[in-house]
Each structure stands twice: as C-alpha cells, then as structure tokens.
Protein chains: 2
Amino acid sequence: MKYAAKKTSAPECADADHKSARRVPPVSDEAIETASRLFRALGEPSRLRLLALLAQGESCVTELALSEGDDMSAISQRLRVLRSENLVVRRRSGKHINYALADQHIVDLVFNALAHASESPARVKGTFTK
Amino acid sequence: MKYAAKKTSAPECADADHKSARRVPPVSDEAIETASRLFRALGEPSRLRLLALLAQGESCVTELALSEGDDMSAISQRLRVLRSENLVVRRRSGKHINYALADQHIVDLVFNALAHASESPARVKGTFTK
DNA sequence: ATTTCATTTGAACAACTGTTCAAGTGAAGA
DNA sequence: TCTTCACTTGAACAGTTGTTCAAATGAAAT
C-alpha cells in the first residue's frame, strides 16, 4: 500500500539539529531521468572498460575489439549505447571510424569513480554497522 | 567470433598525432567491477531520487516513504542496494533509523551528474554527427 | 511479557538489458 | 561497377534487476 505524498504529519525522525545540512535546489524529474540513464550506461563493466580505453586516446572499433578480445559487433553495440548517452563521439578517418570520450566532464566522472573504486573497502553485507 | 587479444598487427586507425593524448595508469579489473557496480546503483531513478533527498540532510525511512509517495518496504529495498554499495549509512535514532549519504565523494558524484544532466542537450538518435 | 511501531527480508513475477549472430550499409579501392 | 573492408543493425534469447507483498525482526512502550 502506497503512502500519500506529503500528507500526514511529519514523523519527527532525526533530532532537529540534523536537519540543518546542505542547502540544495530541488531536482527536476527530467534531470533525475537523464542522470540515471547516464549512470546506467556507465554501469556495465564491458562499457566502462571501453571508456577506460578511450581515456587513453581515441581509437577505432577494430582496435577496441582487438584490445577487448571480442568481435566488432559486440563492441559496436556497446558503443551504440555509450553514444546514445553522449558519452562518446565518432568521426571517420579513412576506412576507420574513431571514437573518443565526448568531453572532459566524462573523463572526470570515469576517473573519479575508478579512483574511488581503487581505494574503496569492498561491499557491505552485514546487517547493521555497529 | 572473438578476436584474440593483442595479437595481430595493429590497424593503424587514427593519424599518429592523435595517439598522444592522456597518460593513464592501467585500470584493474577489480576497479572496473567496483566502479560499474557503483554506477549501476546510481542508475535507477527511484534510487537516485532517494540520494537527492538525502543530499538535503539525513532522513528516516518513514519520511522518505512519505516524500516519495511509496511504501516503506519499497524504500527499504532501494536503501538496501544503496547501502550494499556504501552509498549511504544508517544509524538508529530512537524508534527511527536515519539514513545519510556516506561521504562527500558521493555527494559530489550525484551533484556533478545532476548538474550535467540539467544542462545536457538530450539524447542522440541520429546516425552520424556531421 | 506482550503489543506496537519502524523497518527489513525473501520470494515470485514482470520488465529490462547485454550478448550473440546473421544480415545490411556504405565508403574506398580495383 | 564490383568487391572488399569496417562497421552497424535488428531480432532472439538468456541473465539480471526492480517491484510487490506477505511474513519476520527487533527496539520501545505498555
């Protein structure tokens, strides 16, 4: 059974002094949608690896397929979803089509996450933290 | 059919001068795995909304359920996956259990993505750019 | 002790998404 | 023009994941 939003009296959860915190502009539904699509595109090892490769410089499908040890079709499918979220751009160069990360912002996102991942202490499984 | 990794001669794709680019330490498989799990957890509107709410300050399950107009069970399930990726922490406060974003790093990730999403020009569908 | 309140959990089901493969496209070279 | 090369695409299938609901837990109040 769903609750009615913002209806009943507030359940004074936290001690008042916690409600201070950050001042944040309300987030539009559309921004949420867009951001979560972006994250979802990043949320697949096979695609993230591709981005990590592209972070070293642009590369064509054949080359990526070679690095990944997978066929072009598979790579191309992955690049398709990355492209649909504007994470990568392509341009033709002779017989090949080169892909590159779309912009610095993406580079940062990927590196931040990878950096965080490299130093993060594995997943939590227990019931309660202390 | 899969290609053998790093086998055959390189397919001189890009013009040599593009291969310059960024110098990047190789990324471990584990970092990729961890980072993509993190992204996947963020890649669901329902969960991302929860994080956006928590970005305004800690909150209990009842409160979140009220804001979201959904039942506690649903919220709790979402918090479970957020917690399994260390995105949120919980602590008991009387009868309630309060959740909060795990650390500043997460706050940044969420805001960066939301900011980017708010100014990004929708998804690409066309075949070729230019 | 017993009940109640706040939250968690497991299981089932439906929806979604990644992979695979065969067929299609289109630029470049012969 | 015909062929080849590099890449893309649609469709099918399987594995994954979010939602839902009923039952379980566990701290606090009676």
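Below, chains carry the letters A, B, ... as their sequence lines are ordered, and counting in each starts from 1. Values reported hereafter were calculated over all heavy atoms of this structure, with side chains retained and with hydrogens, waters and symmetry mates removed.
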With heavy atoms under 4.0 Å as the rule, sort B:Arg80 into base, sugar-phosphate or nothing.
base
At 4.0 Å (heavy atoms only), tell me whether B:Glu44 reaches a base, stays on the sugar-phosphate, or touches nothing.
sugar-phosphate
How many Å lie between [atom1] on [X] and [atom2] on [N], as a whole number?
X	N	atom1	atom2	value
B:Arg37	D:dT17	CZ	C1'	15 Å
B:Glu68	D:dT19	CD	C1'	14 Å
A:Asp71	D:dT8	CG	C1'	12 Å
A:His96	C:dG29	NE2	P	11 Å
A:Met72	C:dT25	CE	P	17 Å
B:Leu48	D:dT17	CG	P	18 Å
A:Arg49	C:dG18	CZ	P	13 Å
A:Ile75	C:dG18	CD1	P	14 Å

I'd like to know if the side chain of B:Asp108 reaches the main chain of B:Phe111, judged simply by a donor and an acceptor atom lying under 3.5 Å from each other, with no hydrogens or angles considered.
no
Would you check if A:Val61 and A:Glu63 make a side-chain contact, meaning some heavy-atom pair closer than 4.5 Å?
no
Within the structure provided, determine whether B:His96 and B:Arg92 are in side-chain contact (heavy-atom separation under 4.5 Å).
no
Please state whether the base of C:dT20 and the side chain of A:Gln77 form at least one donor-acceptor pair under 3.5 Å?
yes
Among residues at least two apart in sequence or on other chains, which ones pass salt bridge (charged side-chain N to carboxylate O under 4.0 Å, His left out) with B:Arg47?
none
B:Gly94 or B:Ala74: which one's nearest nucleotide on DNA chain D is closer to the 5' end?
B:Ala74
Of the nucleotides [options], which has the atom closest to the [X] side chain?
X	options	value
B:Ser76	D:dA6, C:dA6, C:dT8	C:dT8
B:Lys95	D:dT9, C:dC5, D:dG18	C:dC5
B:Arg92	D:dT20, D:dA27, C:dT17	D:dA27
A:Arg47	C:dG18, D:dT17, D:dT8	C:dG18
A:Ser73	C:dT20, D:dT20, D:dA6	C:dT20

If the cut-off is 4.0 Å, is B:Tyr99 near the phosphate of C:dA6, judged by side-chain N/O to OP1 or OP2?
no
Please confirm whether the shortest side-chain N or O distance from B:Arg40 to OP1 or OP2 of C:dT17 is below 4.0 Å.
no
For A:Gln77, all residues meeting side-chain contact (heavy atoms from CB on, under 4.5 Å), sequence neighbours excluded:
A:Arg80
